[in-house]
There are 2 protein chains.
Amino acid sequence: MKIKEVSERYEISSDTLRYYERIGLIPPVNRNRSGIRDYDETDLKRVEFIKCMRTAGLPLETLIEYMGLVQQGDQTIEARKRILKEQRRRLAVRMQELQQTLDILDHKIEGYENAILNKEKELREGIETKELL
Amino acid sequence: MKIKEVSERYEISSDTLRYYERIGLIPPVNRNRSGIRDYDETDLKRVEFIKCMRTAGLPLETLIEYMGLVQQGDQTIEARKRILKEQRRRLAVRMQELQQTLDILDHKIEGYENAILNKEKELREGIETKELL
DNA sequence: TCTTGACCTGGAGTTGACTCCAGGTTGTAC
DNA sequence: GTACAACCTGGAGTCAACTCCAGGTCAAGA
């Protein structure tokens, strides 16, 4: 599969795919006789995995380390597991943070939903409701 | 409250706090006679809000726009609500993405938990279990 | 009085992750 | 056989969001 198709399938630009290869995140992709990249199933799996992890915000550095360990074979399984567990932990924390922010946003949006009502009340009763940040 | 204390309370560096002021995210903070920033309650609320939204990944540009609207008073309530709703929507999408990645990580970790067992099986039965990415 | 530490400013530098470019080759369609 | 699109490389440029720095002010303690 040529780079453009991979690029479209995973919504990663060709430039980025080549970049990932340059920095050693993905091992060199096979080429056809004229030197054009031809991604095989293994390459695609790697790209998909990286896409997924990048979407979740894992840094390239960590992924490079991880992919390097995969290349080194079975004796790195423990190390890989450690990396994944650590990233899992971070991700869980991250999700809690997002959830908190989501709650606050909901609360604020609700506040705005009531804002017009409150303004009427203000006028009627001559009080001032507090500033909505 | 002086900048250092604010910085510690919200885990935002003093440089970043000043930076936020420079780019117009936070309106100018009051100074004491010698020109040193003295954050009041309103300032702290703004900082807290920004901290929370930045943690969730909202871009500075959006926050600047939003904070600008807050400064302009009640006639911008609709616009503000629209911004918050849009960000809420994005955040929900983001969380789904993270959840997906979390599931995949769990799956992979489980795969690694079994990896040693599988290796024994390989030896016993002379088969090869597929590569663990 | 002198030192120390926190603060100030405007501007420059850094980081992570791309993204773009010039200059060149190749395979296919007309 | 020539135009065209898609590919290649190495290197430079961009972007968001900080982060650091030089050079200077100021208040409080030894």
Side-chain angles (χ1 to χ4, degrees), chain A residues 1-40 43-44 46-47 49-68 87 90-91 94 97 101, chain B residues 1-40 43-44 46-47 49-68 87 90-91 94 97 101:
Chain A
M1 192 180 275
K2 283 204 272 183
I3 200 165
K4 202 190 176 193
E5 212 179 334
V6 180
S7 155
E8 280 161 5
R9 172 179 302 194
Y10 297 110
E11 294 180 287
I12 299 174
S13 78
S14 302
D15 270 324
T16 300
L17 286 169
R18 283 188 287 257
Y19 167 70
Y20 284 169
E21 212 175 314
R22 268 205 271 187
I23 63 173
L25 175 53
I26 296 169
V29 171
N30 282 332
R31 312 298 183 97
N32 63 19
R33 317 135 211 78
S34 46
I36 287 175
R37 285 176 184 77
D38 183 18
Y39 290 77
D40 66 19
D43 295 322
L44 294 185
R46 286 177 187 140
V47 171
F49 173 68
I50 287 162
K51 161 79 178 183
C52 176
M53 296 302 131
R54 284 295 304 134
T55 300
L58 274 74
L60 287 183
E61 202 189 347
T62 305
L63 293 175
I64 290 169
E65 189 192 352
Y66 180 79
M67 297 299 276
Q87 295 306 317
R90 283 174 193 281
L91 206 46
R94 200 84 241 293
E97 289 169 354
T101 305
Chain B
M1 192 180 275
K2 284 205 272 184
I3 200 166
K4 201 190 177 193
E5 212 179 333
V6 180
S7 155
E8 280 160 6
R9 172 179 302 193
Y10 297 110
E11 295 179 285
I12 300 175
S13 78
S14 302
D15 270 323
T16 300
L17 286 168
R18 283 188 288 257
Y19 167 69
Y20 284 169
E21 213 176 313
R22 269 205 271 187
I23 63 172
L25 175 54
I26 295 168
V29 171
N30 282 332
R31 312 297 184 98
N32 64 18
R33 317 135 210 78
S34 46
I36 287 174
R37 285 176 185 77
D38 182 18
Y39 290 76
D40 66 18
D43 295 322
L44 293 185
R46 286 177 187 139
V47 171
F49 174 68
I50 287 162
K51 160 80 178 184
C52 175
M53 296 301 131
R54 284 293 305 132
T55 299
L58 273 74
L60 287 182
E61 202 189 345
T62 305
L63 293 175
I64 290 170
E65 188 192 352
Y66 180 80
M67 297 300 277
Q87 296 304 319
R90 283 175 192 280
L91 205 46
R94 200 83 239 296
E97 289 169 353
T101 305

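Note that the structure is predicted; figures quoted are calculated from it, not measured. Proteins come first, then strands; the chains are lettered A, B, ... in the order of their sequence lines, and each starts at number 1.
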K.L.:
Specify the separation, in whole Å, of atom CG of B:Leu58 and atom P of D:dA17.
P.N.:
10 Å
K.L.:
Step by step, work out the ring pair (Phe, Tyr, Trp, His ring centres under 6.0 Å) result for A:Tyr66 and A:Phe49.
P.N.:
CA-CA 11 Å; A:Tyr66 180 79; A:Phe49 173 68; 5.5 Å; yes
K.L.:
Answer whether the closest heavy-atom distance between the side chains of B:Tyr39 and B:Leu17 falls below 4.5 Å.
P.N.:
yes
K.L.:
Can you list the steps and then say if A:Ile3 with A:Arg18 is a side chain to side chain contact (heavy atoms under 4.5 Å, CB included)?
P.N.:
CA-CA 9 Å; A:Ile3 200 165; A:Arg18 283 188 287 257; 3.6 Å; yes
K.L.:
Among B:Asp43, B:Val29, B:Val6, B:Asp40, exactly one meets side chain to side chain contact (heavy atoms under 4.5 Å, CB included) together with B:Met1. Which residue is that?
P.N.:
B:Val6
K.L.:
Check the distance between D:dC18's P and B:Glu21's CD and give it to me in whole angstrom.
P.N.:
15 Å
K.L.:
Nearest-nucleotide wise, let me know which of B:Arg31 and A:Ile36 is further upstream toward the 5' end of DNA chain C.
P.N.:
B:Arg31
K.L.:
Mind checking if A:Arg22 touches a base, just sugar-phosphate, or nothing, with heavy atoms under 4.0 Å?
P.N.:
base
K.L.:
For B:Glu61 and A:Ile3, find the nucleotide of DNA chain D closest to each by heavy atoms; which residue's nucleotide sits nearer the 5' end?
P.N.:
A:Ile3
K.L.:
Looking at DNA chain C, which of residues 5-18 of chain A put a heavy atom within less than 4.0 Å of it?
P.N.:
A:Asp15, A:Thr16
K.L.:
Is B:Ile23 touching bases, backbone alone, or none of the nucleic acid, heavy atoms closer than 4.0 Å?
P.N.:
nothing
K.L.:
Measuring only between side-chain heavy atoms, which start at C-beta, is B:Thr101 closer than 4.5 Å to A:Met53?
P.N.:
yes
K.L.:
Less than 4.5 Å apart, any side-chain heavy atom of B:Tyr19 and any of B:Asp15?
P.N.:
no
K.L.:
Determine, stepwise, if the pair A:Lys51 / A:Ile12 fulfils side chain to side chain contact (heavy atoms under 4.5 Å, CB included).
P.N.:
CA-CA 8 Å; A:Lys51 161 79 178 183; A:Ile12 299 174; 3.9 Å; yes
K.L.:
Taking only the side-chain nitrogens and oxygens of A:Arg37, find out if one of them lies under 4.0 Å from OP1 or OP2 of D:dC7.
P.N.:
no
K.L.:
Taking A:Arg54 for the side chain and A:Leu58 for the main chain, is one N or O donor matched with an acceptor at less than 3.5 Å?
P.N.:
yes
K.L.:
Starting from C1' on D:dC18, measure out to CZ on B:Arg54 and report it in whole angstrom.
P.N.:
9 Å
K.L.:
Using a heavy-atom cut-off of 4.0 Å to chain B, what are the terminal contacting nucleotides of DNA chain C, in 5' to 3' order?
P.N.:
C:dA6 to C:dG11
K.L.:
Can you confirm whether more than 12 heavy atoms, excluding those of B:Glu97, are under 6.0 Å from its CD atom?
P.N.:
yes
K.L.:
From D:dA17, D:dA6, D:dC26, pick the nucleotide closest to the side chain of A:Lys4?
P.N.:
D:dA6
